[in-house]
Structure formats: structure tokens, C-alpha cells
Amino acid sequence: DQQVKQNSPSLSVQEGRISILNCDYTNSMFDYFLWYKKYPAEGPTFLISISSIKDKNEDGRFTVFLNKSAKHLSLHIVPSQPGDSAVYFCAATGNTGGFKTIFGAGTRLFVKA
Amino acid sequence: KAGVTQTPRYLIKTRGQQVTLSCSPISGHRSVSWYQQTPGQGLQFLFEYFSETQRNKGNFPGRFSGRQFSNSRSEMNVSTLELGDSALYLCASSPGLAGDTQYFGPGTRLTVL
């Protein structure tokens with residue numbers, strides 16, 4: 001039962017353009033959503049988060065949008081840079097019967113120079 | 001502050017053996033979570049420890065166990081190893097409140113032959 005889904009295993013974008021990574025979730029009890037970035041041979045690092053009481057959170061080139069009615073969130077990276085090439089994980093947490101964080105399968109982003 | 005450390009970084013075992021992985025969280029963090037990462041499966045939650053108590057558990061067989069010590073360091077044990085246990089095992093620490101950002105270690109790459 002995948003409660004957090006990232007349906008695109010990979011995405012390729014030209015440098016300077018917008019990257020949009022999508023994530024869907026099924027559990028309405030999730031109230032906090034996070035994006036992590038992972039480079040090869042390193043652990044994931046926190047990128048940006050959003051509370052369920054908001055619909056947008058922005059941090060520099062990164063913006064996360066949350067559509068609660070659709071149970072969908074997206075990460076926008078503008079402008080995309082080659083250094084953004086990594087695997088991006090969407091994660092969700094909340095009062096789902098514990099303090100575990102559920103991660104999606106990840107989307108590998110390639111930013112071409 | 002020093003980051004999350006995991007030892008060993010790489011491990012090769014054979015089927016039927018057991019293995020113990022270690023994680024030292026960021027100083028002051030009381031929560032340690034363990035994840036298994038395999039290609040296409042994202043990060044699968046194993047368990048979370050807080051103040052030496054297992055606070056939450058994922059859907060893994062009983063061969064996977066863990067513990068946390070009074071200094072918050074944690075160990076994960078896998079007994080009777082199977083080929084399918086080959087994966088990257090990631091440890092993450094956080095202060096311990098719901099929604100806290102998790103800080104990941106570099107992981108232990110386990111290969112079961």
C-alpha cells in the first residue's frame with residue numbers, strides 16, 4: 001500500500017527551464033509534507049517542506065505547492081541548474097498512528113547544460 | 001555539529017548470516033529512524049526509536065530488529081540474511097517531534113551473496 005506516490009521515475013529538463021516534480025498521497029491524515037534531495041553515495045538531505053494548512057511555500061529557487069483536495073503536491077525548481085541533478089523524494093508525515101515518515105519512490109531529475 | 005554517522009559504509013555478507021549496522025545521531029537528537037532503500041522502491045520505513053523505545057515499526061519481518069542506547073546511538077540487526085536484503089540502509093535522526101526534519105547519514109550498503 002503506497003501511501004505516497006511519485007509516478008515519474010525520471011525527468012529531464014534543460015538548464016534554465018522549470019523543473020516540476022509531482023507527488024500524490026492517499027492518507028488524509030498526513031499534515032506535513034517534505035521534499036528531500038539525494039545525490040549518489042550520500043544520504044537524502046532536506047530541501048523544503050509545507051504544512052497542510054498552507055498551499056504554497058517558497059525558498060529561493062524552490063517552491064512547493066499543495067492541493068489538499070486533490071491530495072497532490074508538486075516541487076517547482078526555477079531556474080533549473082545542472083547541480084540540481086539528483087533523486088528527489090517526496091515524504092509525508094502526520095498523526096497516522098505513529099511518528100513515521102512515509103517516502104515516495106523518488107524521481108531522478110536530469111538537468112542538461 | 002557533527003552529522004549523522006553510520007558504520008560500516010559497505011558490507012558484504014552471505015545468505016543465512018546476520019549483520020549489525022550502527023548509527024550515531026546528531027548530538028541532542030533523541031529520535032533515530034531506519035530506512036531501507038532499494039531501486040524503484042524509494043525509502044521503506046523500518047522502525048523508529050525515541051528515548052530507547054521503539055515508537056513505530058514498518059512492515060518488515062521479525063528478522064529485522066533494532067535498539068537504541070541511552071546516548072541515542074542506535075543499532076539495527078538483520079538475522080538470517082536473504083538475497084533480497086541487499087540494499088542501502090539509511091539512518092536518520094531528528095529532535096523527535098512529529099514533523100521534524102530528519103537528517104540522514106550516508107547509509108550502509110549491504111550486499112548479500
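A, B, ... follow the sequence lines: proteins, then strands. Residue 1 opens every chain.
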Considering residues, nucleotides and ligands other than B/Arg73, do more than 12 of their heavy atoms fall under 6.0 Å from its CZ?
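Yes.
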
Does B/Asn59 have more than 12 heavy atoms from other residues, nucleotides or ligands lying within 6.0 Å of its CG?
no

So which part of [X] gets closer than 4.5 Å to some heavy atom of chain A, the side chain, the backbone, both or neither?
X: B/Arg109; result: neither
X: B/Gln37; result: side chain
X: B/Leu43; result: both

Toward chain B, the part of A/Pro44 with a non-hydrogen atom under 4.5 Å:
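When you check distances to chain B, atoms from both the backbone and side chain of A/Pro44 fall under 4.5 Å.
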
Kindly give the heavy-atom pair with the smallest separation between A/Thr101 and B/Phe45, and that separation in Å.
O-CB, 4.3 Å

Are the aromatic ring centres of A/Tyr36 and B/Phe104 under 6.0 angstrom apart?
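That pair passes the under 6.0 Å test.
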
Where do B/Leu88 and A/Lys38 land on the side-chain contact (heavy atoms from CB on, under 4.5 Å) test, with the steps shown first?
CA-CA 13 Å; B/Leu88 180 67; A/Lys38 185 180 186 299; 3.9 Å; yes

Treat each ILVMFWY residue as a node, draw an edge where side-chain heavy atoms are under 4.5 Å apart, and state whether [X] and [Y] are in one component.
X: A/Phe62; Y: A/Val64; value: yes
X: B/Leu46; Y: A/Ile102; value: no
X: A/Ile20; Y: A/Leu73; value: no
X: A/Leu11; Y: A/Trp35; value: yes
X: B/Phe60; Y: B/Leu110; value: yes

OG1/B/Thr101 to CD1/A/Ile48 distance, rounded to the nearest 0.5 angstrom?
11.0 Å

Using modelled atom types only, decide if a donor and an acceptor are shared between the side chain of B/Tyr35 and the backbone of A/Phe103 within a distance under 3.5 Å.
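No, the answer is negative, given that no donor and acceptor are paired below the 3.5 Å cut-off.
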
